[in-house]
Amino acid sequence: MPLEILTIPCRTDNYAFIAHDDTSGETAVIDVPEAGPILAALRQRGWVPSHVLLTHHHDDHWSGLADLLAAHPAPVIGAVADAGRLPPLDRAVAEGDRIEIGGETAEVIEVPGHTIGHIAYHFPQSAAVFTGDSLMALGCGRLFEGSAAQMWASLTKLAALPEDTIVCSGHEYTQSNGKFAATVDPQNPALAARIERTAAARAEGRPTVPSTLAEEKATNPFLRAADPAIRRQLGIEDAAPVAVFAEIRARKDRF
Ligand code: ZN
Ligand code: FE
């Protein structure tokens, strides 16, 4: 049975996720931007966290951790590369490490770029990947620490997952990301349709996260550096994909 996954809006535009296995009762909380909304969702369903998974060290992804653990002690898992600047970890993980949750085996994918120690968690049976601020809905995280080449390699790994994988990313930035995406990929009908869907969802206060990997590959300019129309639009038709990605990221930073 796939895990049941809840999207929990936190703070102003962050998301936490709760992944629950009904058979075992095991429940993972992925990122803890603030405790209140997560505790409320757990209480409402009678779920108790068995694992806390952190994607990266920025405190908008864990500032609710102490309050969550005070209510429900649970082992905290995060990247060994960032063990020195994450909250205390009970288990420090790296590329390829496996985490058992409710009979499902999640795999750690290192996705440096936004930060050097950023990781994603892939749940193959549930067809879900928790990407934090690496691959995001219609966007990707800013390169605070890593290089464009590192982020491109990270996004390439995520893009290789099955297309029906749902992408559970860390922020509701889709609408502003769409405004930028339209400037580099203006002729893409799938992007235009997604921008409309996004506007309708946000007008009703609905999250636009998670998305699917298929949707991201069709519309997210940061995954589309090989697309001829985008290259033409940018005037760099012969550049390597990593250089096209770097140009798109630089333009987004100035946008
Ligand atoms: Zn971040
Ligand atoms: Fe963030």
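FYI, side chains are in, hydrogens and waters are out, and symmetry mates aren't considered; it's all heavy atoms of this structure. All ligand and atom numbering here is 1-based and tracks the order in the structure. Start at 1 with the first residue, then count along the sequence.
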Subject >> the Fe ion (ligand 2) contact by His61, N, O or S atom under 2.8 Å >> reply: yes
Original post:
Is there an N/O/S atom in His171 at a distance below 2.8 Å from the Fe ion (ligand 2)?
Top reply: yes
Does a donor on one side chain and an acceptor on the other come within less than 3.5 Å for [X] and [Y]?
| X | Y | result |
| --- | --- | --- |
| Glu172 | Thr208 | yes |
| His56 | Asp31 | no |
| Arg45 | Thr27 | no |

**OP:** Measuring from the Fe ion (ligand 2), name the closest N, O or S atom belonging to Asp133.
**Re:** OD2
Subject >> For the Fe ion (ligand 2): the N/O/S atom of Asp60 at shortest distance >> reply: OD2
Original post:
Quick one: CZ on Phe123 to CG on Asp21, what's the gap to the nearest 0.5 Å?
Top reply: 10.5 Å
Quick check on the Zn ion (ligand 1): does [X] put an N/O/S atom closer than 2.8 Å to it?
| X | value |
| --- | --- |
| Asp133 | yes |
| His114 | yes |
| His118 | no |

Original post:
What pair of heavy atoms forms the shortest contact from His57 to Trp62, and how long is it?
Top reply: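 What the structure gives for the nearest pair is O-NE1, 2.6 Å.
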Original post:
Is the closest basic N to carboxylate O distance between Arg231 and Glu237 below 4.0 Å?
Top reply: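 Between Glu237 and Arg231 there is no salt bridge, as every charged N stays at least 4.0 Å from the carboxylate O atoms.
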Original post:
Which single N/O/S atom of His56 lies at minimum distance from the Zn ion (ligand 1)?
Top reply: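 In His56, the N, O or S atom with the shortest distance to the Zn ion (ligand 1) is NE2.
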Subject >> Closest His58 atom to the Zn ion (ligand 1) [N, O or S only] >> reply: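 The closest N, O or S atom of His58 to the Zn ion (ligand 1) is ND1.
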Original post:
Is a side-chain N or O of Ser134 found less than 3.5 angstrom from the main chain of Val111, in a donor-acceptor match?
Top reply: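 Here the side-chain-to-backbone pair does not exist.
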